[in-house]
Trainee: 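Structure provided below as structure tokens; questions to follow.
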Amino acid sequence: MISRFRLRFGRAPGMPPDWTDAPPVTVFVGPNNSGKSKILSELHQFCSTGNHAGGEVILGELEFVGFAPKEANELVEIIKVEPRPGEARPGLVILESRGRRSQQVALPNLLNSLQNPNASLGVFCSCFASFYTLLLDGRRRIDLVNQQSAGDLQGRPQSSFQVLFRDRAKRCEVRRIVADALGLYFVVDPTNLGQLRIRLSRRPPDNDLEECGIHEEAVKFQAAAPLIDSFSDGVKAFTGIVTELIAGDPRVMLIDEPEAFLHPSLAFKLGCALSRAALDSNKRVFASTHSPFFVRGCVQSGAPVNIVRLTYREETATARLLPSSELIKLMRNPLLRSTGVLSGLFYECVVVAESDADRAFYEEINERLLRFKPDWGIPNCLFINAQNKQTVQTIVGPLRNLGIPAAGVVDIDVLKDGGCVWTDLLDSAFVPSMSHQSLATLRAALKKAMEETGKNMKRDGGVSILSSTDQEAARNLLAQLAEYGIFVVAGGELESWLGHLGATGHGPPWLIDIFERMGEDAEAANFVRPSGDDVWEFLGKIKTWLVDPKRKGIPA
């Protein structure tokens, strides 16, 4: 039913909001408290009444697609019911879906609203859309697999179980999806006469009669299959969502954290199955999630999917539609997959370091800053690592293309490489191309000056091995890179930090040594707390760039 929507804010602070089309699946991602669950409740409110309740802070406008005249008439005939005694009023009709009745409405007004919903939102939503919109939180999706009434086989189905019991094709599709994900076979059990229950069998039924009958062989088959009640909440939630999507009548499903209770691999399979089923059934699914696995499943399903990233910080909100091409790049690149870079969608910002040792050290420094010097600590930040300085840019660029502030941290030997390596670094940070030549010239001059000292730029002190004049030039270059979120260790390398502690070694051995010297008990005398310089100040500068809404280096 939903054709497109517009939120109350744009892709960057100060930018106007954009209209976003509603394909079969729209997934809202973002940091905690960014509004992912709130947007679902606001969509539900609007679909139920056709107007805002007065407390909306995210949803701006919502548009529906209408039905052709013939479709509208056929739809009314399907869902129209006879009035109960004393209920009838001349010229008015009553609609019913799964036992829920609408208010009485004049037939011409109803048909007009179905054909032109945006011109008569009140009638369309209250008499139609409200009955075909389903909001699922954690408890409700588990309840979807509870025992249901078998109903009257002569009448219209009133539940998804009744639909599945009568419709072999839909029952087999649910069974296929569940078997692919769980290795167990979904069956509908009618042997508790008058009720329908769900069981998960170790083998599929030999035929429809074995599943749907009540004779001896059918009773034995059902008895050998455990009731779904005996399985985990994750299994129940997965099966409930699939069941409602395939056999339920909601045309709009709003699912809050569909990955709740699910193992990551199952969250991935749910994303795939949900997206394909929404496409095949011409339904619209809106989901909010914290799971990169669910997102990956949706995008890799092949169905049209929109991923919208919401952020909210210091009373400033943004909503950015993420390009599918960039998401696919994140998921297909083996390096990006191995670093868990897709998790960056759910954090306010990301710091990308050269190696795992760098990542672990900077993350620990940030934890101590958040605890003891919060003005310099970076909240809600994901620290990830590349494999070396050349691959930092491979991660930073795609994240920034998605609007995620991603800072790169590299050692001083980033100045060694010119040509494409240097240009690629600047491109990943979205440094204007007109600035490339001047930066390249300065880089080459500094490299030459460092080589002429006869010292190792990484291990002998970084910028400090230069003359005072050349040091100023080097710090100017590093400052220009920092403006675009590329932070170079002026002391040379990771091991140059906290030198007064006397840690030795390189890489992981140095990391173990420095962590021992920093202490782990905040109450102990040897516990190292933040000071006003060294690596603490370095992280503080990174934070300043990450939280600045006017930062350079993020494409609009």
Trainee: Of Leu478, Leu415, Asp470, which is the lone residue that meets side chain to side chain contact (heavy atoms under 4.5 Å, CB included) with Val463?
Mentor: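 Single side chain to side chain contact (heavy atoms under 4.5 Å, CB included) partner of Val463 among Leu478, Leu415, Asp470: Leu478.
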
Trainee: May I ask you to decide whether Glu364 forms a salt bridge with Arg368, counting only side-chain N to carboxylate O separations under 4.0 Å?
Mentor: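 Yes, this pair counts.
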
Trainee: Residues in side chain to side chain donor-acceptor pair (under 3.5 Å) with Ser291, at least two apart?
Mentor: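 Result, side chain to side chain donor-acceptor pair (under 3.5 Å) vs Ser291: none returned.
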
Trainee: So Val528 and Arg517, do their side chains get closer than 4.5 Å, heavy atoms only?
Mentor: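 Arg517 vs Val528: side chains apart.
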
Trainee: Is any side-chain N of the basic residue among Arg4 and Glu63 closer than 4.0 Å to the acidic one's carboxylate O?
Mentor: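 Yes.
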
Trainee: Let me see the working for Phe538 and Asp534 under side chain to side chain contact (heavy atoms under 4.5 Å, CB included), right down to the final yes or no.
Mentor: CA-CA 7 Å; Phe538 184 69; Asp534 209 278; over 6 Å; no

Trainee: Side chain of Lys543, backbone of Gly377: donor and acceptor closer than 3.5 Å?
Mentor: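 Yes: the side chain of Lys543 pairs with the backbone of Gly377.
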
Trainee: Between Gln471 and Leu466, is there a donor-acceptor pair closer than 3.5 Å when you use the side chain of the first and the backbone of the second?
Mentor: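 Looks like yes, one N/O pair under 3.5 Å.
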
Trainee: For the pair Phe487 and Trp545, name the ring-plane relationship: parallel under 30°, tilted 30 to 60°, perpendicular over 60°.
Mentor: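 Taking Trp545 first and then Phe487, their aromatic rings stand perpendicular (interplane angle over 60°).
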
Trainee: When you compare the side chain of Arg141 with that of Glu257, does any pair of heavy atoms fall below 4.5 Å?
Mentor: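 Side-chain contact under 4.5 Å: yes.
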
Trainee: Within the supplied structure, the quantity of interest is the number of heavy atoms (other residues, nucleotides, ligands) at a distance under 6.0 Å from Asn33 CG; does it exceed 12?
Mentor: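 Result for CG/Asn33: open.
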
Trainee: How close do Thr133 and Met1 get, heavy atom to heavy atom, and via which atoms?
Mentor: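 So the minimum-distance heavy-atom pair works out to OG1-CE, 3.9 Å.
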
Trainee: Any Lys/Arg nitrogen of Arg176 or Glu173 sitting under 4.0 Å from an Asp/Glu carboxylate oxygen of the other?
Mentor: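 Glu173 and Arg176: salt-bridged.
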
Trainee: Show me the donor-acceptor pairs, under 3.5 Å and distance only, between side chains in residues 296-311 and residues at least two apart or in other chains.
Mentor:
unit_1: Ser301; atom_1: OG; unit_2: Cys298; atom_2: O; d: 2.6
unit_1: Ser301; atom_1: OG; unit_2: Ala303; atom_2: N; d: 3.1
unit_1: Asn306; atom_1: ND2; unit_2: Asp21; atom_2: O; d: 2.8
unit_1: Arg309; atom_1: NE; unit_2: Leu345; atom_2: O; d: 3.1
unit_1: Arg309; atom_1: NH2; unit_2: Tyr347; atom_2: O; d: 2.2
unit_1: Thr311; atom_1: OG1; unit_2: Thr318; atom_2: OG1; d: 2.3

Trainee: Any Lys/Arg nitrogen of Arg276 or Asp280 sitting under 4.0 Å from an Asp/Glu carboxylate oxygen of the other?
Mentor: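 Salt bridge absent between Arg276 and Asp280.
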
Trainee: Suppose we screen for side chain to side chain donor-acceptor pair (under 3.5 Å). Which residues come up paired with Glu493, at least two apart in sequence or across chains?
Mentor: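 For Glu493 there are no side chain to side chain donor-acceptor pair (under 3.5 Å) partners, ignoring immediate neighbours.
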
Trainee: For a side-chain hydrogen bond (donor to acceptor under 3.5 Å, both in side chains) check, start with the C-alpha distance between Ser355 and Asn385, then their side-chain angles and the critical distance, and finish with the verdict.
Mentor: CA-CA 5 Å; Ser355 70; Asn385 63 276; over 6 Å; no

Trainee: Go through the steps for Asp358 and Val409 under the test side chain to side chain contact (heavy atoms under 4.5 Å, CB included), then give the verdict.
Mentor: CA-CA 9 Å; Asp358 296 66; Val409 180; 5.9 Å; no

Trainee: Just by distance, no angles: are the side chains of Gln45 and Ser41 close enough, under 3.5 Å, to form a donor-acceptor pair?
Mentor: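 Ser41 and Gln45 do not have a side-chain donor-acceptor pair below 3.5 Å.
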
Trainee: Regarding Lys389 and Asp413, does a basic nitrogen lie under 4.0 Å from an acidic carboxylate oxygen?
Mentor: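 Between Asp413 and Lys389 there is a salt bridge, with a charged N closer than 4.0 Å to a carboxylate O.
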
Trainee: Parallel, tilted or perpendicular: which describes the rings of Trp497 and Tyr362, with under 30° parallel and over 60° perpendicular?
Mentor: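 Rings of Trp497 and Tyr362: perpendicular, over 60°.
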
Trainee: Indicate yes or no: at least one non-hydrogen side-chain atom of Leu370 is less than 4.5 angstrom from one of Ile378.
Mentor: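 No. Closest side-chain heavy atoms not under 4.5 Å.
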
Trainee: May I have the step-by-step check of side chain to side chain contact (heavy atoms under 4.5 Å, CB included) for Leu327 and Leu342, ending in yes or no?
Mentor: CA-CA 8 Å; Leu327 288 168; Leu342 201 61; 4.1 Å; yes

